[in-house]
Amino acid sequence: MTSGELMQRMVALRQLRCTCKCHSSSKSAGARAFRHHAGQRRPAKSETPETYDWRSELQAHDKPFLDHVTLVVRGGSGAPGLARFGGTGGDGGNVFLRAAEGVKLSALMPPKGEHVTRVRAGEGHASSKLYIRGEDGRDVTVGVPVGVSVCTEGSRPLVDLNQPGDTVQVAKGGKGGDASNDYKSRKGTSATLKLYLKLIADVGLVGFPNAGKSTLLARLSAAKPAITPFPFTTLHPNVGTVVYNDHRQISLADTPGLIEGASRNIGLGHRFLRHIERTKLLAYVIDINGFRLNQNSPQRSGYETLLLLMKELQLYDSSLVHKPCMLLINKVENPKLIQSSQELQLRLKEREIPESLKEFEPFTFPKFSHVMDISAKLAVGMEKLTEAFRSELDILAETETELVKPDERRERIAMDLIHDVRGR
């Protein structure tokens, strides 16, 4: 065996020992592997805090759709100084969250057997007679999807990362030992955070199950959501893009259907409504034929489902019913249904409350900029609808520009990004 082959064999054995330590079958093995690779290993000379990706150290596997995750972050501990030589210990590394395109929240799913994902920055290096100034611990920057809300463990909002490159420091490394602290090191700060993904789209489609939201999304964009005649086909949000002839693009978000009683966690509850909070325009999609969940549920007319949809949005967040919105009356495919749509619009204009819904009063009525008859299945009214989306969004963009000056917007973003979460 040559000396080169011997060296390769030794390196392989060393890597094997590392793997055995980090990936044992114990419950905390995943967390230990995470801490070992992300917090303890020194990066190669060619790596920098910007290029080092701690996720690449973990075993890759497919992740299901995920729109929230709990993250435990800890700054690295500082290292002790060397009093007799006046040596300074290295500071611990910091932990940052940075919004980036193409990143999925599922990449932050906890390791098997763990309930939370733990991220720890590198430890500082102690001062010694050979290295008077100890090396600082390595920073860790965790990539998160654009549109993530960073909240405390109690779900209190801290900061939103809405633009690619938006960065926030969530854990600070401990100070290394020096003359100011009697050469004794300090531990880094820690925090338990909840990350909620809120999709950012121009238009949000809301409605009861089988109202035709997924069919509409598939008709207007290249998205391919699941479409069946059964309730709750859409189990997670879908996003598609409408592309115009002049290359203008508008994004549409389709959320799982709400039903009567969603505020009481019936059906899929309100879990996915956070995804429409950041949409600029809401599109209420109503099945003109009404909706009936099952044989034990009452048959609701199209107008009744509209009122119940308004009520469920109001119970989730009262500000949603005041967002700019349009009403799309879907499945209007013959003269009889056209007449039914006209009756629905008349009742809406008069703000009629049916006797069957008196128990749900009071109702807050949105101000619909457009009320349109469409058929997503037959592609009726699609061109008129896309132009209405475009014109309404142009009006909203002009209004936003007038209300918020560019300098104020930049200042607002800057204040978010320097938000300090220590001790929260």
Q | Any donor-acceptor pair under 3.5 Å from Asn162 side chain to Gly147 backbone | A | no
**Q.** Atom pair CD (Gln314) and CZ (Phe363), whose distance is rounded to the nearest 0.5 Å
**A.** 8.5 Å
Q. Got His370 and Leu328 here, is their nearest side-chain heavy-atom distance under 4.5 Å?
A. no
Q.
Looking at every non-hydrogen atom in both residues, tell me the closest pair between Tyr284 and Pro366 and how far apart they are.
A. OH-CG, 3.5 Å
**Q.** Arg347 (side chain) donor-acceptor with Glu350 (main chain) under 3.5 angstrom
**A.** no
Q. When you measure from the side chain of Lys311 to the backbone N and O of Pro362, does any donor-acceptor pair fall under 3.5 Å?
A. yes
Q) If you round to the nearest 0.5 Å, how far is CD of Gln169 from OG1 of Thr189? A) 7.5 Å
(Q) I want to check something: taking the side chain as every heavy atom from C-beta on, are Leu216 and Leu220 in contact at a cut-off of under 4.5 Å? (A) yes
Q. Quick one: does Arg300's side chain have a donor or acceptor within less than 3.5 Å of a partner on Pro298's backbone?
A. no
Q) Does a side-chain N-to-carboxylate-O contact under 4.0 Å join Asp394 and Arg248? A) yes
(Q) I'd like to know if the side chain of Thr167 reaches the main chain of Gly165, judged simply by a donor and an acceptor atom lying under 3.5 Å from each other, with no hydrogens or angles considered. (A) yes
Q. With the threshold set at 4.0 Å, does a side-chain nitrogen-carboxylate oxygen contact exist between Asp373 and Lys331?
A. no
Q) Are the side chains of Leu308 and Phe208 in touch, meaning some heavy atoms are under 4.5 Å apart? A) yes
Q | Side-chain heavy-atom pair Met109, Val69 within 4.5 angstrom cut-off | A | no
Q.
In the structure I gave you, are the side-chain heavy atoms of Glu333 and Val380 within less than 4.5 Å of one another anywhere?
A. no
Q) Heavy atoms, side chains only, cut-off 4.5 Å: are Thr117 and Thr70 in contact? A) no
Q. Just wondering, more than 12 heavy atoms not from Lys336 lying within 6.0 Å of its NZ?
A. no
**Q.** Exam field: side chain Arg74 to backbone Val119, donor-acceptor pair closer than 3.5 Å
**A.** no
Q.
When you measure from the centre of the six-membered ring of Tyr244, is the NZ or CZ of Arg390 closer than 6.0 Å and no more than 45° off the axis?
A. yes
Q) If you measure from OG on Ser301 to CG on Asp287, what distance do you get to the nearest 0.5 Å? A) 11.0 Å
Q | Side chain Asp317, main chain Ser319, donor-acceptor under 3.5 Å | A | yes
**Q.** Sidechain N-carboxylate O distance under 4.0 Å for Glu123, Arg120
**A.** yes
Q.
With a 4.0 Å cut-off on N to O distance, would you call Lys280 and Asp202 a salt bridge?
A. yes
Q | Between Ser391 and Glu387: side-chain donor-acceptor atoms closer than 3.5 Å | A | no
Q: Go through the side-chain N and O atoms of Gln249 and Thr241 and say whether any donor and acceptor fall under 3.5 Å apart.
A: no
Q. Hey, does Lys175 have a side-chain heavy atom less than 4.5 Å from the side chain of Ser180?
A. yes
Q: Could you pull out the closest heavy-atom pair between Lys377 and Arg219, with the gap in Å?
A: O-NH2, 2.7 Å
(Q) Any heavy-atom pair between the side chains of Leu108 and Leu195 that's under 4.5 Å? (A) yes
Q. To the nearest 0.5 Å, what is the distance between CZ (Phe291) and CD (Glu304)?
A. 13.0 Å
